[in-house]
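Residue numbers count from 1 along this sequence.
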Amino acid sequence: MFFNWNGTSAGQFASQKGAGAEGIVRSIRRANIQPGFEQLVLVGHSWGGHTLLDVADLLKRDPTIDVDLAIGLDASSFSRGERMESLPTNIAKLINYFSDNAFTWGEWPDELRVRNISLADPANGFVVDGKPDYASKLSWEAHNAAEWDANVHAAIKKLVLDLATAAETTNHRMHGSGGGRRSLESKSTPATP
């Protein structure tokens, strides 16, 4: 399922009446009762990262739905209020890809459930020939590039596939079969400035 940061569907981000985090949560709860819903992965770029935290927090309400993996992609709470100080308890793990832009979260404070990955560090393979300039303190171009970066997409796909494979292996061991597990990916992304 795909959602914009304001809860609207693809291509509708300019709508003034987006359903917000509550609408995304309603969709996830409806999907959760369907056969085959066994894992939840939330991916949020920019304001979508802020929405990701709101969604996870709302999913803590009874009945709680766990978020197996959350992925922040140059996530930001800029002009949307303060970012939560700690992850909602129902998020098992957060992978936080971050640039050096001043208007994004940057590195998440040390927490056992968080893995920070710098987009600006050449050793991580996201900067090729100096582009995008993820080290810039004020670059909308680099911030927006993170959403479309093929190397970032490949890394995220690998994370999701590794999660599904690990669950498949665990399910196979527990039940003696492959079990037909599938992941549900919910992506909250922002409108581009």
Side-chain angles (χ1 to χ4, degrees), residues 1-16 18 20-21 24 41-58 67 69-88 91-160 162-163 185-193:
M1 298 183 320
F2 176 94
F3 301 99
N4 293 302
W5 67 269
N6 61 358
T8 57
S9 59
Q12 304 297 316
F13 67 85
S15 169
Q16 296 294 331
I24 296 169
V41 176
L42 300 176
V43 179
H45 171 256
S46 193
W47 280 354
H50 187 94
T51 301
L52 175 153
L53 294 178
D54 289 343
V55 166
D57 198 48
L58 290 170
V67 178
L69 177 62
I71 300 171
L73 178 53
D74 216 20
S76 176
S77 296
F78 182 73
S79 81
R80 293 216 37 218
E82 294 294 317
R83 186 201 77 200
M84 292 178 188
E85 290 187 26
S86 61
L87 288 180
I91 294 180
K93 185 174 192 173
L94 169 70
I95 306 296
N96 179 39
Y97 291 96
F98 66 95
S99 73
D100 292 344
N101 271 300
F103 50 84
T104 65
W105 291 350
E107 190 168 1
W108 190 280
D110 191 27
E111 188 171 332
L112 291 176
R113 295 177 291 148
V114 175
R115 179 174 167 216
N116 289 298
I117 301 172
S118 171
L119 295 169
D121 183 344
N124 290 330
F126 300 112
V127 177
V128 179
D129 296 328
K131 298 289 182 192
D133 186 6
Y134 290 130
S136 174
K137 297 294 182 200
L138 292 172
S139 173
W140 283 109
E141 182 181 335
H143 175 66
N144 290 329
E147 183 176 7
W148 303 104
D149 190 315
N151 294 322
V152 174
H153 286 198
I156 290 173
K157 286 177 189 175
K158 182 176 181 341
L159 288 167
V160 173
D162 288 350
L163 177 68
E185 181 178 338
S186 178
K187 182 178 180 192
S188 298
T189 57
T192 341

So that I know where these two stand, are Trp140 and Phe103 an aromatic pair - ring centroids less than 6.0 Å apart? yes
Quick one: closest heavy-atom pair of [X] and [Y], and the distance?
| X | Y | answer |
| --- | --- | --- |
| Asn124 | Ile117 | ND2-CG2, 3.8 Å |
| Pro88 | Ala56 | CG-CB, 3.9 Å |
| Ile91 | Arg113 | O-NH1, 2.6 Å |
| Leu87 | Val114 | CD1-CG2, 3.7 Å |
| Ala21 | Asp54 | CB-CB, 3.8 Å |
| His50 | Ser76 | CB-O, 3.4 Å |

Starting at [atom1] of [X], measure out to [atom2] of [Y] and round the result to the nearest 0.5 Å.
| X | Y | atom1 | atom2 | result |
| --- | --- | --- | --- | --- |
| Asp121 | Phe126 | CG | CZ | 10.0 Å |
| Arg115 | Leu159 | CZ | CG | 7.0 Å |
| His143 | Leu73 | NE2 | CG | 8.5 Å |
| Asp74 | Asp100 | CG | CG | 9.0 Å |
| Trp105 | Ser99 | CH2 | OG | 12.5 Å |

Indicate yes or no for a side-chain donor-acceptor contact from [X] to the backbone of [Y] under 3.5 Å, with no hydrogens or angles considered.
| X | Y | answer |
| --- | --- | --- |
| Asn96 | Gly106 | yes |
| Asn116 | Glu107 | no |
| Trp47 | Phe78 | yes |
| Asn101 | Ser139 | yes |

Any side-chain heavy atom of Arg80 sitting closer than 4.5 Å to one from Thr51? yes
So, Asp149 versus Tyr97: side-chain donor-acceptor pair below 3.5 Å or not? no
